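Single-structure report; data block below.
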Amino acid sequence: SAAPCPPRAQLRQQLVGHTSFPYTSSRTDTWDVLKEADADPATAANVWLLYANRSTNGAQEYNSGAGWTREHLWPQSLARYDANSNDEPATDLHALRAAVQSCNSHRSNHVFGAVPHTVWAPSRDDCPLLICESGVCEPHDYIKGEIARALMYMALRYDGADDVSASSGAEDWLDLRLADIAVGGEALLTSWSDAHPPSATEIARDATIRRLQGFGNPFVSDPTLTRCRYDEPGSSLPSPATATATATATATAAAPPPC
């Protein structure tokens, strides 16, 4: 029989206090770490590009759009953290991947989910591992499991308990919930993870990040943890009515007084 599930709070606490790297800096930053974590096993100087299923020279970095970029599996706009302020979830390498700019833009801030299809037909030729339609993106089976495990890690680690923002002190991003990043939430991502267990490449990537950040993704080292259902219920995204009211109040406060 399966081992008992570790208590959620205990497992989460083991993930607190990792070594953070600045998003962009003249010293070691996330560009540098991704060159190592996402290195192409066949060509060490290259980085493997998520969604594109190819690699490119790592040293060029962004290179005015001609190189590669960094993909937040949990888009910044859906979590309201800020990479340029070095907020921890935005620089956490477990959910940051090397990607080609066109695929990063194509994925945009769309949620993950199942896109109806009978045969695999990517929505862009240069992004062969991704189908996006009506605001939902489905990754290819080849990368489904690793994306699911990265998102489960993020929802466990950045659930809103006593986090601190690098830019403003108290946490100023949303509490991460799987219902906000995937159509079908935890149930869908669990099915992806269970159907596509960690590959040798994913395990090696996790080991690199563990060495550099201080710990690995527990869903990679023990994929059976998906059965424990650690995600917090519900959504932390504001309702449309709340969002509209907040925007109106902000605009009103910023408006000049009447003459």
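Quantities reported herein were computed from a predicted structural model and do not represent experimental measurements.
Atom-to-atom distance recorded for H196:NE2 and D141:CG is 3.5 Å, nearest 0.5 angstrom. How far CD of E186 is from CD of E232: 10.0 Å, rounded to the nearest 0.5 Å. The distance from atom CG of L151 to atom CG of N217, rounded to the nearest 0.5 Å, is 10.0 Å. In this structure, OH in Y158 is found 10.0 Å from CG in D87, a value given to the nearest 0.5 Å. With values rounded to the nearest 0.5 angstrom, L189 atom CG is found 10.5 Å from D194 atom CG. For the atom pair CZ (R107) and SG (C137), the distance works out to 6.0 Å, reported to the nearest 0.5 Å.
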Side-chain donor-acceptor pairs of residues 45-54 under 3.5 Å, sequence neighbours excluded:
{"unit_1": "N46", "atom_1": "ND2", "unit_2": "S55", "atom_2": "OG", "d": "3.1"}
{"unit_1": "Y51", "atom_1": "OH", "unit_2": "E71", "atom_2": "OE2", "d": "2.6"}

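With sequence neighbours left out, T224 forms a side chain to side chain contact (heavy atoms under 4.5 Å, CB included) with D222, R227. Residues satisfying the side chain to side chain contact (heavy atoms under 4.5 Å, CB included) test with Q13, not counting sequence neighbours, are V16. Take S191 and apply the side chain to side chain contact (heavy atoms under 4.5 Å, CB included) test, not counting sequence neighbours, and it matches L188. Taking the side chain to side chain contact (heavy atoms under 4.5 Å, CB included) definition, one finds that R211 meets it with E36, T208, sequence neighbours left out.
Side-chain N or O atoms of D29 include one that pairs as donor or acceptor with a backbone N or O of D32 at under 3.5 Å. Within the 3.5 Å criterion, the main-chain N or O of G58 finds a donor-acceptor partner in the side chain of W68. Side chain of N57 to backbone of Q60: a donor-acceptor contact under 3.5 angstrom is found. The closest donor-acceptor contact from the side chain of Q213 to the backbone of L93 lies under 3.5 Å. Looking only at distances, no side-chain donor or acceptor of S193 sits under 3.5 Å from a matching main-chain atom of T190. Remark: side-chain polar atoms of D40 are paired, donor with acceptor, to backbone N or O of A42 under 3.5 angstrom. Between the R70 side chain and the A98 main chain, no donor and acceptor come within less than 3.5 Å of each other. Listed for the S25 side chain is a donor-acceptor partner under 3.5 Å among the backbone atoms of R27.
The pair E146-R205 does not count as a salt bridge, with every side-chain nitrogen at least 4.0 angstrom from each carboxylate oxygen. The pair R177-D231 does not count as a salt bridge, with every side-chain nitrogen at least 4.0 angstrom from each carboxylate oxygen. A salt bridge links D159 to R8: at least one charged side-chain nitrogen sits closer than 4.0 Å to a carboxylate oxygen.
Contact between F219 and R149 at its shortest, heavy atoms only, is O-CD, 3.1 Å. In terms of heavy-atom proximity, V111 sits nearest to A182 at CB-N, 4.3 Å. Contact record, E133 with V115: CB-CG1, 3.9 Å, taken as the closest heavy-atom pair. Across every non-hydrogen atom of H110 and G135, the tightest pair is CB-O, 3.3 Å. Nearest heavy atom pair, residue D82 against residue A90, reads C-CB, 3.9 Å. Nearest heavy atoms, S102 versus R124: CB-NH2, 3.6 Å.
For Y23 and H72, the ring centers sit closer than 6.0 Å to each other.
Connection of I209 to W74 is not established within any shared hydrophobic cluster, with ILVMFWY side chains joined at heavy-atom distances below 4.5 Å, either directly or through further cluster members. Placement of M154 and L212 in two distinct hydrophobic clusters is found when ILVMFWY residues are connected by side-chain heavy-atom separations under 4.5 Å, directly or transitively. No continuous path of hydrophobic side-chain contacts links F215 to F21 [ILVMFWY only; heavy atoms under 4.5 Å]. Under the 4.5 Å side-chain heavy-atom criterion for Ile, Leu, Val, Met, Phe, Trp and Tyr, L73 and W31 are members of distinct hydrophobic clusters. Hydrophobic clustering (side-chain heavy atoms under 4.5 Å, transitive across Ile, Leu, Val, Met, Phe, Trp, Tyr) groups I147 together with W120.
Q76 is not listed as a side-chain neighbour of W173, based on a closest heavy-atom distance of 4.5 Å or more. Within the 4.5 Å cutoff, no side-chain heavy atoms of W192 are placed close to those of I143. Two residues are said to be in side-chain contact when any heavy atoms from C-beta on lie closer than 4.5 Å; D126 and V100 fail this criterion. Under the 4.5 Å side-chain criterion, counting only non-hydrogen atoms from C-beta, I181 is in contact with P75. Put simply, the side chain of Y153 does not reach to within 4.5 Å of the side chain of L156, judged on heavy atoms. Contact check for H117 versus E138: side-chain heavy atoms found under the 4.5 Å cut-off. Residues L225 and L11 form a side-chain contact, since some pair of their non-hydrogen atoms from C-beta on lies under 4.5 Å apart.
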Assess whether side-chain contact (heavy atoms from CB on, under 4.5 Å) is satisfied between F112 and K144, documenting all intermediate values. CA-CA 10 Å; F112 288 110; K144 247 177 203 163; over 6 Å; no
Take Y230 and C5 through the test side-chain contact (heavy atoms from CB on, under 4.5 Å) and record every step on the way to the result. CA-CA 10 Å; Y230 286 126; C5 290; 3.8 Å; yes
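Between the side chains of T69 and N104, not a single donor N or O lies within less than 3.5 Å of an accepting N or O. Side-chain contact check for S235 and D180: at least one donor-acceptor pair (N or O, by modelled atom type) lies under 3.5 Å.
Taking Ile, Leu, Val, Met, Phe, Trp and Tyr as hydrophobic and joining them when side-chain heavy atoms fall under 4.5 Å apart, one finds I203 in a cluster with V220.
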